[in-house]
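One structure is given below, encoded as C-alpha cells.
Side chains included, hydrogens not; waters and symmetry mates left out as well; all remaining heavy atoms used. Numbers here simply count residues along the sequence, with the first being 1. Order of listing sets the numbers, starting from 1, for every ligand and every atom in it.
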Amino acid sequence: MSRAPYLTSRLQGFGTTVFAEMSALAVATGSVNLGQGFPDYPGPTEVLEVARAAIGTAADQYPPGPGIPELREAVAAHHQRFRGLEYDPDAEVLVTAGATEALSGALLALLDTGDEVVLFEPMYDCYAAGIAMAGGVARPVPLHPPDGGNGGTGGGDAGEGGRWTFDPDELRAAITPRTKILLLNTPHNPTGKVFTPHELALLAGHAIEHDLLVLTDEVYEHLVFTGARHTSIATLPGMRERTLVVGSAGKTFNVTGWKIGWICGPAPLVAAVRTAKQFLTYVNGGPFQPAIAAGLRLPESYFEAVAKDLEYRRDVLVRGLREGGLPVISPEATYFATVDVRSVQPDGDGLAFCRSLPARAGVVAVPTGVFYDPAHAHLGRHLVRFAFCKSDDVLGEAVQRLVGMGRAGGGRS
Ligand SMILES: *Cc1c(COP(=O)(O)O)cnc(C)c1O
C-alpha cells in the first residue's frame, strides 16, 4: 500500500474505506445499496417528538459534560431492567458522541504506547483505528465461519444453523504480558454472532487470570433474533469491576445520525474515560439526550418489536440470497448477513465480487475482508456483507434482483 501524504505513521493504512467506493458505485449504477448499515425507516414517534420539542429550548446549549442527569438515570435504569446490572448514574455512567467516542475515548484514556488490545476479527472498522490513534497495538483473533472456511461446498445452505466460533488456543496465544484490554463486540458486526455465556466465561477467565480490562461494545444488544440471547460479560462473576460496557441509541432507535452513546463501568474507569472524552467532543446532541432518555424507558414491547421486525427483514434477505444462488450464513443478530462467494466468483475474491455485483444484479454489498487486519485479510477474502435494515420496498427490490441474477445463471445453480 502506498504512503498517504501528510498522514502520521500511526494512521497509515486507514486512509480510504471501501464503503465510500461502494456507495458511490450504488449511486452511479442505480443499484440498491445494501452496503451501509443504517436503517432507512424512522425511529419511534415517542422518541422523535421529544427531540422536536426540545429544539428551541435550553436543550440547544451545552449539556453537562457527563450528559444530562435524566439520560444518565435512564441508561442506568435500562441496564438494571435488561441486564440486572447496577450503575450509579453520577459516577458510573458517561454519555458520549455515539459508541464511537465511547470506544475511542476509552482506548485513549486506558492505553499507553505499546499496550496491546486483544479483539476478534473481522472487526468493526473503528477499533483498529482507535487503537492506533491511542498508540496501542491490536492483536486480532480470528472468528471462524460455520463451514470452517474450507470449501463453500454447502451450496445454498452453507453455514445454515452453524455459528461463527473461535479457537481457544488462538485466543490464548494472542494474550501477552503487554495485553491491557480485551475488546469485545457482542452481538457482533459484521458476522451477526452472539457470544454465548460459555464463550464469555472463557473470555472472563482470561481477563481475570491476566488482569485485563474488558471493553465491550453492545450496540446491537436489542437486535437479537429467535434462538439467541444477549449476555453482557459484565454480568459474569468478577467481571463488573473490570468491564466498561458501551451502548448506543443509533441502532436501537433507528437514529444512527444522532450519535448518542454511553459507557458504563466502575467509577475510576469511567472517570478515566471522561478525562479523554471532555477534550474530544466535550458534549454533543443536546436536544437528542432527553429524547433517548424517553426511548430507554419505553416498555418491553418496543424492544421486542424492534428485534422481531429486523428478524423478519433478515429472513426476507436470507431467503432472497439463497434463491439467488448465494450461500449465506444467517446471522443471530444485528443488521448483517454474510455470503460466501466462492461458488459464484471464480477467484473467490469478495472485493471483485462486490465490484461486479452492481452490473450482475444491481445490488451493492461490502467485502468482509475490509474488517480484518490487513495482514489477515485473506481469512475473510471470500466473504461479503449484506445489510437488511432496509424498508420493505428497498429490500423487496434487492431480493427480486438477486433472485433474477440466480435465474440468469449468474448464481451457482
Ligand atoms: C454502528 C456501530 C458502532 C457505532 O455506533 P455510534 O453510536 O454510531 O457511534 C459501534 N460499534 C458497532 C459494532 C457498530 O456496528
Side-chain angles (χ1 to χ4, degrees), residues 17-19 23 34-40 43 47 51 67 71 75 78 93-108 117 119-131 133 138 140 143 164 181-195 214-224 230 232-233 244-264 273 276-277 280-281 283-285 288-289 291-292 295-296 306-307 310 314 331-338 366 368 370-372 385-390:
T17 76
V18 79
F19 298 95
S23 290
L34 301 186
Q36 280 192 315
F38 62 86
D40 63 358
V47 171
L71 177 53
V75 168
H78 172 270
V93 178
L94 175 65
V95 174
T96 55
T100 306
E101 189 191 44
L103 291 159
S104 50
L107 294 166
L108 285 166
V117 179
L119 74 176
F120 291 99
E121 67 181 351
M123 58 186 149
Y124 182 61
D125 60 349
C126 82
Y127 300 164
I131 293 164
M133 285 193 279
L143 289 174
W164 292 75
I181 295 177
L182 182 61
L183 171 48
L184 195 61
N185 172 211
T186 184
H188 184 265
N189 174 8
T191 65
K193 171 184 173 65
V194 179
F195 283 73
V214 176
L215 181 58
T216 176
D217 176 350
E218 303 183 357
V219 303
Y220 293 103
E221 63 182 314
H222 290 294
L223 310 186
V224 177
H230 170 65
S232 177
I233 195 169
L244 284 163
V245 184
V246 172
S248 171
K251 311 288 161 61
T252 300
F253 301 110
N254 304 336
V255 289
T256 57
W258 286 14
K259 297 300 279 192
I260 301 295
W262 49 86
I263 187 162
C264 301
V273 181
K277 182 263 183 309
L280 291 170
T281 57
V283 293
N284 77 297
F288 301 133
Q289 293 197 18
I292 298 309
L296 290 172
V306 95
L310 209 56
R314 182 224 26 205
E332 306 174 270
T334 77
Y335 284 164
F336 309 109
T338 301
V366 293
T368 305
V370 302
F371 299 100
Y372 288 77
R385 189 192 81 172
F386 287 78
F388 49 81
C389 48
K390 302 296 173 189

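Atom CZ of F288 sits about 14.5 Å away from atom CZ of F253, to the nearest 0.5 Å.
Between the side chain of R314 and the main chain of Y335, no donor-acceptor pair closer than 3.5 Å is present. Looking only at distances, a side-chain donor or acceptor of Q289 sits under 3.5 Å from a matching main-chain atom of N284.
With a 4.5 Å cut-off on side-chain heavy atoms, N185 and H188 count as touching.
The side-chain tip of K251 does not point at the ring of F38 from less than 6.0 angstrom away and within 45° of straight on.
A heavy-atom cutoff of 4.0 Å around ligand 1 is satisfied by the protein residues G98, A99, T100, Y124, Y127, N185, N189, D217, V219, Y220, S248, K251, K259.
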Contacts table for residues 93-108: side-chain donor-acceptor under 3.5 angstrom, sequence neighbours left out:
from, atom 1, to, atom 2, distance (Å)
T96, OG1, G98, O, 2.8
T96, OG1, G261, O, 3.4
T96, OG1, W262, N, 3.4
T100, OG1, K259, NZ, 3.3
E101, OE1, A97, N, 2.7
E101, OE1, K277, NZ, 2.8
E101, OE1, T281, OG1, 3.2
E101, OE2, T281, N, 3.1
E101, OE2, T281, OG1, 2.5
S104, OG, T100, O, 2.9

